[in-house]
Protein chains: 2
Amino acid sequence: MPETAGKPKRINDPQGMRSRILDVAADLFQRRGYNSTSVQDVVQAALATGGAVHHHFPTKKALGLAVIEERVAKEVNATAIQPVLQAIRVKTGILAFFASVADELERNQAVTGCPLNNLAMELSLADPDFRHAANAIFENWRGALTQRLQAGGSGLASKPAGELATTVVAAYSGAMAMAKASQSAQPLRDCAAQLEKLLP
Amino acid sequence: MPETAGKPKRINDPQGMRSRILDVAADLFQRRGYNSTSVQDVVQAALATGGAVHHHFPTKKALGLAVIEERVAKEVNATAIQPVLQAIRVKTGILAFFASVADELERNQAVTGCPLNNLAMELSLADPDFRHAANAIFENWRGALTQRLQAGGSGLASKPAGELATTVVAAYSGAMAMAKASQSAQPLRDCAAQLEKLLP
DNA sequence: AAAAAAACAGACCGGTCATCCTGTTTTTAA
DNA sequence: TTAAAAACAGGATGACCGGTCTGTTTTTTT
């Protein structure tokens, strides 16, 4: 045979494949939910095969756990925790976070909600492993806010700082739930306006 | 044949059957989620048959919508709206609501979360009908709180009343999400303590 | 270079799910 | 009383899902 009929030749890229599967799964779980997404959906959207997905994630649960621990946790840290920690004032950081999420929601067509909240709600009761993974992210977030609220000149005492951190996280999660149901960013803005009165 | 071998004789009780199916479905959807509950599960738990369930609810979606509109809406009204409307002060009504839910969570073994929030999160993106049904309940709740916050001597202006109502609903929903993930009533109590500072 | 391990491909299977369908019984309408 | 409708019973069905399994290709190890 002449050299014209060259086969596509496979190139192994384990890390890239794994990462692509995780990205696609995180996106589908976020948009359709865990239970409404089949591994076949993931296989097709990732342009992978059943064998490849099974090689990296033996079960759907393993895939779900990896999405939570490697994608959702990272996103929460990048969008919710770091900006607040690095802001000059806690209050401005938190309000900016709410505003930026609201802005982003209004840019997109659909409000798909908070990935952490989505998966936590759907899977917390189904499986303890999922629940612990989701809870760890909530706790990490809450802890970072608590510390930040206690630090600095206008630092709060331990108890109110913890309560306030919980309230900020809860208001955000709940506002996202309402935003998802109403397909509007208004709940985010309303909560931010009220949190402003509460934050030091 | 003698009278001893009497057949069980069926008794038709359409309303009772329908109501029993709805009760069971509401309970299962709440504890396991909509997608993780099969209609067979409902049939068995309700001591009914596939034919009976299908007669009253032709599709699973019809059953889900009926649960939201006839059970979840009623529960939200009974546990979250009416007590606040009938309370002497808005603040005491809302704080009492948070406290009573927290108390109830601690009495039970498992925190199954807020039924409205659970179904809204799981189904809002899956189907517009579900989303609208869930949103209507959120809106009804939010509207009742807004009105109550505007009324009376210490009445708020329209804008802050609406914002505050949204914040109360969001804080509750978010706190329930955190409670579900942590299997603890603490988030409810923390939020209530902070809302106290916000409510007139 | 040879052998072993990792990475991927893709068919296959048992089980489940939502829905449909054909009867039978009960109730209502005429 | 008779006809029609509503209420219920329960099996059948086709699609899909998650997991498994066997085989091939690529990469690493020795």
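Chain identifiers are assigned alphabetically (A, B, ...) following the order of the sequence lines, protein sequences preceding nucleic acid strands; residue numbering begins at 1 within each chain.
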Find every protein N or O atom lying less than 3.5 Å from an N or O atom of nucleotides 9-12 of chain D, and list the pairs.
from, atom 1, to, atom 2, distance (Å)
dA9(D), OP2, Thr49(B), OG1, 2.9
dG10(D), N7, Gly51(B), N, 3.2

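- Residue Arg32(B) forms a side chain to side chain contact (heavy atoms under 4.5 Å, CB included) with just one option from Asn118(B), Asp27(B), Asp41(B), and that option is Asp41(B).
- Under the 3.5 Å distance criterion, with hydrogens and angles disregarded, no donor-acceptor pair is assigned to the side chains of Asp190(B) and Gln194(B).
- His55(A) has a side-chain polar atom (N or O) that falls below the 4.0 Å cut-off from OP1 or OP2 of dA7(C).
- Within residues 21-43 of chain B, no residue has any heavy atom closer than 4.0 Å to DNA chain D.
- Put simply, CD1 on Ile11(B) is 11 Å from P on dC8(D), counting in whole angstrom units.
- A donor and an acceptor atom, one from each side chain of Arg71(A) and Ser19(A), are located under 3.5 Å apart.
- By the 30° and 60° cut-offs, the orientation of the rings of Trp141(B) relative to Tyr172(B) is perpendicular.
- Neither side chain, Asn140(A) nor Arg142(A), offers a donor N or O lying under 3.5 Å from an acceptor on the other.
- Of the residues in residues 56-69 of chain B, Thr59(B), Lys60(B) come within less than 4.0 Å of DNA chain C through at least one heavy atom, sorted by number.
- Residues Val72(A) and Gln30(A) form no side-chain contact, since every pair of their non-hydrogen atoms from C-beta on lies 4.5 Å or further apart.
- The existence of a salt bridge linking Asp103(B) and Arg189(B) is confirmed by a sub-4.0 Å separation between a basic side-chain nitrogen and an acidic carboxylate oxygen.
- Annotation: cation-pi pair Lys61(A)/Tyr34(A) absent, no NZ/CZ under 6.0 Å from the ring centroid and within 45° of its normal.
- For Arg18(B) and Glu70(B), the salt-bridge test passes: some basic side-chain N is under 4.0 Å from an acidic carboxylate O.
- Whole-Å rounding puts the Asn12(A) CG to dT27(D) P distance at 5 Å.
- Side-chain contact check for Leu125(A) versus Gln183(B): some heavy-atom pair is nearer than 4.5 Å.
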